[in-house]
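As the structure lists them, so they are numbered: ligands from 1, and atoms in each ligand from 1.
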Amino acid sequence: MAYNKEDVKKVTDELAARRERAKSDWEAHVSEIRTMLPDAYELEIKINRAGPRMYEAALRGEGDKAFEKIIEETAACTAKLRKILTENGYPENYLDVNYSCEKCSDTGYCGIEMCSCMKEALAKASFESSGLATLARTQSFETFDLSFYEGRDRDRIAKNVQLLREFAKDFDSRIGENWLLFGPTGLGKTHLSTSIAVEVIKSGHSVVYESVNRVISAFEDKRFGGDYSGDRVRKYSDCDLLIIDDLGTEVTNQFTVSCLYSLINERLVKNLSTIINTNLGQGEIRDRYTDRIASRLFGEYMPLGFSGRDVRQQKIERQFG
Ligand SMILES: [Zn+2]
């Protein structure tokens, strides 16, 4: 499991804010009750003394009897307190600390285990920072529709879906594998990449989905100003799965080619997975990029070809035709 550092910080900050909110709400309630219902306030003080009293009893070497007595008294106080509160029009739990998550009291951990609330918050933060928030709502393996493909195209696409689905499912053990999805636009490359990203994020890994042009611009910012820390570039080289969309739509020059080469190479060295989508054919990739890039892509990436009739076009025809 490797979460993105920024996502973890965002989530731990949010948990700290929740705890702070719970505490200040509780303090406000206690001070209100102190003024409005002094009897209830006294009971609350007694209830809060239970912990220290147990501790003192233990220090004195007193046995179970003493503990039972404290527990009984505390339960009686709690019942009385709840009664007073409800009789005066307050909810009975008005003096409880109201955490968003009762399991972990908004600490994010139950013992040494990460709490489910924190896992959910991390998954949500990953979606937001992955650039996938909108796409992921409509594009998943479940919504991929093979009926748009015919004959041999259909067999080929069905095979691609199966291979990529297995890869996403077993990402934990298959991290480091790379895929090159090539073929004309509108044949499901983006849909399938998004589906993989969704599955991989759910399994607790960091994913970044970015168009090649945004990737290049991050390198430009790092090189020529704007982003001196290089945070975006670091995110591209460190995430467990990087999906680069639309390779071939960028302006190709020495700078862009060297950025792409260093990114692709660094990720191979670190054994992290990359998926590249491109409308270019294999010959065009060779013509356009240096041998160094082409040999990495053809040597280290599993190529999957996409063929058929533009699905977007077919959807429009089905709707209006
Ligand atoms: Zn929790």
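For the atom pair CZ of R267 and CD1 of I244, the computed distance is 8.0 Å after rounding to the nearest 0.5 Å.
Shown here for R288 and G248, the closest heavy-atom pair between the two residues is NH1-O, 2.9 Å.
The cationic group of R318 lies under 6.0 Å from the six-membered ring centre of F148 and within 45° of the ring axis, placing it in a cation-pi geometry.
Between the side chains of E44 and N48, at least one donor-acceptor pair of N or O atoms lies under 3.5 Å. With hydrogens and angles left out, the side-chain atoms of Y90 and E32 include a donor and acceptor closer than 3.5 Å.
Protein atoms of type N/O/S that fall under 2.8 Å from the Zn ion (ligand 1) number 4 in this view.
Pairs of residues two or more places apart, or lying in two chains, that qualify as ring pair (Phe, Tyr, Trp, His ring centres under 6.0 Å) and include a residue from residues 177-199 are F144-H191, F167-W179.
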